[in-house]
Protein chains: 2
Amino acid sequence: MTISHKIISNISVDCVIFGFDFEKLNVLLVERELVDEKSGRILIKDFTLTGYHIFEDEDLDKAAYRILKDLTGFENIYLEQFTVFGKTDRVSNEKDQIWLTYLNQGFSERILTVGYFSLIDSTKVTLSHNERKIHWFPIDEAHNLEWAFDHKQIFMKALEVLRNKVRTEPIAFELLPERFTLTQLQKLYEAIYGTPIDKRNFRKKIVQMPFIVALKVKQKGVPHKPAQLFLFSREVFEKTKKERLGFLF
Amino acid sequence: MTISHKIISNISVDCVIFGFDFEKLNVLLVERELVDEKSGRILIKDFTLTGYHIFEDEDLDKAAYRILKDLTGFENIYLEQFTVFGKTDRVSNEKDQIWLTYLNQGFSERILTVGYFSLIDSTKVTLSHNERKIHWFPIDEAHNLEWAFDHKQIFMKALEVLRNKVRTEPIAFELLPERFTLTQLQKLYEAIYGTPIDKRNFRKKIVQMPFIVALKVKQKGVPHKPAQLFLFSREVFEKTKKERLGFLF
DNA sequence: TTGCATAGTATATAAAGTACACTAAGTAAA
DNA sequence: TTTACTTAGTGTACTTTATATACTATGCAA
C-alpha cells in the first residue's frame with residue numbers, strides 16, 4: 001500500500017545518527033557520488049546526513065521517525081530535535097549548487113532544516129543499502145570528511161548537544177544493548193567525551209545509582225573472565241528522580 | 001524608507017522575552033482581545049508571545065532580531081534559538097481557530113514556529129505600545145494565564161532551557177545593568193531557579209570567579225549602606241575558559 | 001599447569017558544598 | 001546628635017564529593 005503525500009518543499013529534517021561499536025562512537029553517513037555519464041569520471045564525492053522533506057500532514061518528529069525507519073527498519077529509536085538551520089545561504093557553494101541542479105531542485109528557495117540526533121544500538125542494525133552507500137564513521141574521522149551542504153555544522157552541533165545531554169539524562173543506554181557490562185558502559189562514556197575515565201571511580205559512581213541493576217547473568221562466549229551483566233531500569237530511574245540532584249557523570 | 005518583503009507563510013518565529021526587575025523574573029506578553037463590533041463585548045482575551053513570519057530573504061536569527069527591535073527599539077539583545085514547534089495540530093482548539101479566521105489566515109496550513117528566548121535589561125526598556133497592550137508578567141503567574149495557541153508550551157520550554165543554560169554559560173548578566181551589586185546578582189539567580197541561595201556561600205563562589213570584577217565605585221542614592229558595584233568581563237571570561245570546569249552555579 | 005586477558009576491588013587525600021550569625025556603613029527620623 | 005532602620009559584608013566547622021593510585025580473581029586456551 002502506498003499513499004502519496006504532499007511534500008512541504010521548504011522544510012526538511014536531517015538526522016545525525018550515532019552508534020557505538022564498543023570501541024568508538026560512530027555517525028551514520030550516506031556517500032554521495034556525482035558521476036559524469038560520458039566519461040564515467042567522478043565529479044563530486046561527499047557525505048550527507050540522512051534527511052528528507054516533511055509531508056504536509058506530518059509532525060516533525062514523525063518525519064524524523066519515518067526517515068530512520070526507512071534507513072534502519074526500526075521504529076522505536078531514540079530521537080531528539082536539537083536545532084534548526086535556516087540561514088539563507090545554507091546551500092551556497094558551487095558544489096552544492098551543482099548537486100541541486102542535478103536533483104532538479106533549482107537554486108532559489110531556502111530550505112529550513114530541523115536537526116535531529118538519534119542514538120541506536122548499532123549491534124542490532126543491519127543497514128538496508130538500496131542503491132545508496134551508507135557507512136559508519138568514527139566521530140574523530142568525521143571532522144576530516146568532505147561534507148555536503150552545511151551538514152558538518154549540523155553534525156558538530158549534534159555532538160555538542162549529545163555531550164551535554166548525557167551528563168544529566170540517561171540517554172547513553174540507548175547506544176548499548178539491553179544487557180551490558182560496566183566496562184562497555186565506561187568505554188561508551190569515554191568515547192562520547194573523548195577522555196579516559198578511571199575504572200574504580202567510575203564503578204564507585206555506578207553502585208550509587210539504583211537504576212543500574214545487576215543481573216544474575218554473566219557474559220558468555222568471551223575468552224576471558226566473563227563480566228557481570230547490567231541493565232538500565234527506567235522504572236527505578238523515574239522513582240528516584242526527586243532524590244537525585246540531576247547529574248549522572 | 002519601507003521595503004516590501006515577501007513573507008514565508010508557513011514559518012514563523014516566536015520570542016520568549018525575559019526581564020528582571022531586581023525582585024522577580026518576568027516574561028513579556030502581548031494581550032489579545034477580540035471584541036464583538038456590535039455589542040462591544042469581549043469575546044476572547046488571552047496572551048501571546050511576540051512573533052511574526054520570516055521574510056523570504058531573511059535568516060531565522062535576523063527575523064527574531066527584527067521582532068525584538070520592533071518591540072523594544074533595541075538592536076543588541078541576547079537571543080537564542082531553543083526549539084521548533086511543528087506539530088500538525090499546533091493550532092487546533094476552537095478559540096485559536098476563531099482568531100485565525102478573524103486574521104484571515106484560514107484553517108488549513110500548518111505553521112512551523114521557531115522558538116527564541118531573549119534576555120534583556122528591563123530597566124533600560126520602555127515599551128513602545130502602538131495600539132497593542134504589552135506587559136511584563138512574573139513567571140510564577142504566567143502559569144495561570146490564558147495563553148494563545150501553544151504559547152504556554154513554548155514559554156515553559158524556554159524557561160527550562162534558560163534554567164539549564166545559566167548554570168554553565170554567563171548569560172544571566174544580560175538581565176542586569178552593566179554595573180550591578182552582588183545582592184542583585186544573587187536575587188537574579190534566586191528568581192531564575194525559584195529557590196533561595198545562602199548569601200555567604202554565594203559570595204564565596206563569586207570571589208573565585210575572576211570575570212566578575214569589583215569596580216572602585218559604590219551604589220549611590222540608596223537609603224542604606226551602599227553596595228560595591230561589579231561588572232561581568234567577557235574578556236576575562238574567555239581568557240580563563242580552559243581552566244574552568246564549565247559550571248557557574 | 002601455565003599464560004593470557006579482562007573483571008573486580010579500597011583507601012587516603014584534596015576539593016567543593018553546606019549550614020550558620022554577627023558586625024559595618026550609610027540614611028532618615030526623632 | 002542620637003537612635004533606629006536597612007542592607008552590606010564577612011569566617012569557620014562540617015559534610016559530601018572527586019581524585020589518584022595497584023593489586024587479586026576468574027575463566028579460557030594453549
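Given the structure is predicted, the values throughout are model-derived calculations rather than measurements. Numbers restart at 1 for each chain; the letters A, B, ... are given by sequence-line order, proteins then strands.
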#### Entry: Minimal non-hydrogen separation, B:A172 against B:Y189, with atom names
CB-OH, 3.7 Å
### Message
Rounding to an integer number of Å, can you tell me how far A:F22 CZ sits from C:dA5 C1'?
### Response
18 Å
### Query
How would you list, by chain and number, every residue that makes a salt bridge (Lys or Arg N to Asp or Glu O under 4.0 Å) with B:R179, sequence neighbours excluded?
none
### Task
Pull out every residue in residues 213-232 of chain B that has a heavy atom closer than 4.0 Å to any atom of DNA chain C, ordered by number, or say none.
B:V222, B:P223, B:H224, B:K225, B:P226
#### Entry: Rounded distance [0.5 Å steps], CG in B:L29 versus NZ in B:K133
14.5 Å
### Task
Measure the distance from CD on A:Q208 to C1' on D:dT17 and round it to the nearest whole Å.
8 Å
### Query
To the nearest 0.5 Å, how far apart are CG in A:L79 and CZ in A:F82?
11.0 Å
### Residues within residues 198-206 of chain A bordering DNA chain D, heavy-atom distance below 4.0 Å
A:D198, A:R200, A:N201, A:K204, A:K205
### Message
Can you confirm if the NZ or CZ of B:R163 lies within 45° of the ring axis of B:F117 and under 6.0 Å from the centre of its six-membered ring?
### Response
no
### Message
Return the CG to CZ distance between A:D198 and A:R203, rounded to the nearest 0.5 Å.
### Response
11.0 Å
### Task
Just say parallel, tilted or perpendicular for the rings of B:F18 and B:F155, cut-offs at 30° and 60°.
tilted
### Message
Less than 4.0 angstrom between a side-chain N/O of A:T183 and OP1 or OP2 of C:dT6, yes or no?
### Response
no
### Task
Assess the pair A:F180 and A:F232: is the distance between their ring centroids shorter than 6.0 Å?
no
### Query
To the nearest Å, how far apart are B:I197 CD1 and D:dG9 C1'?
17 Å
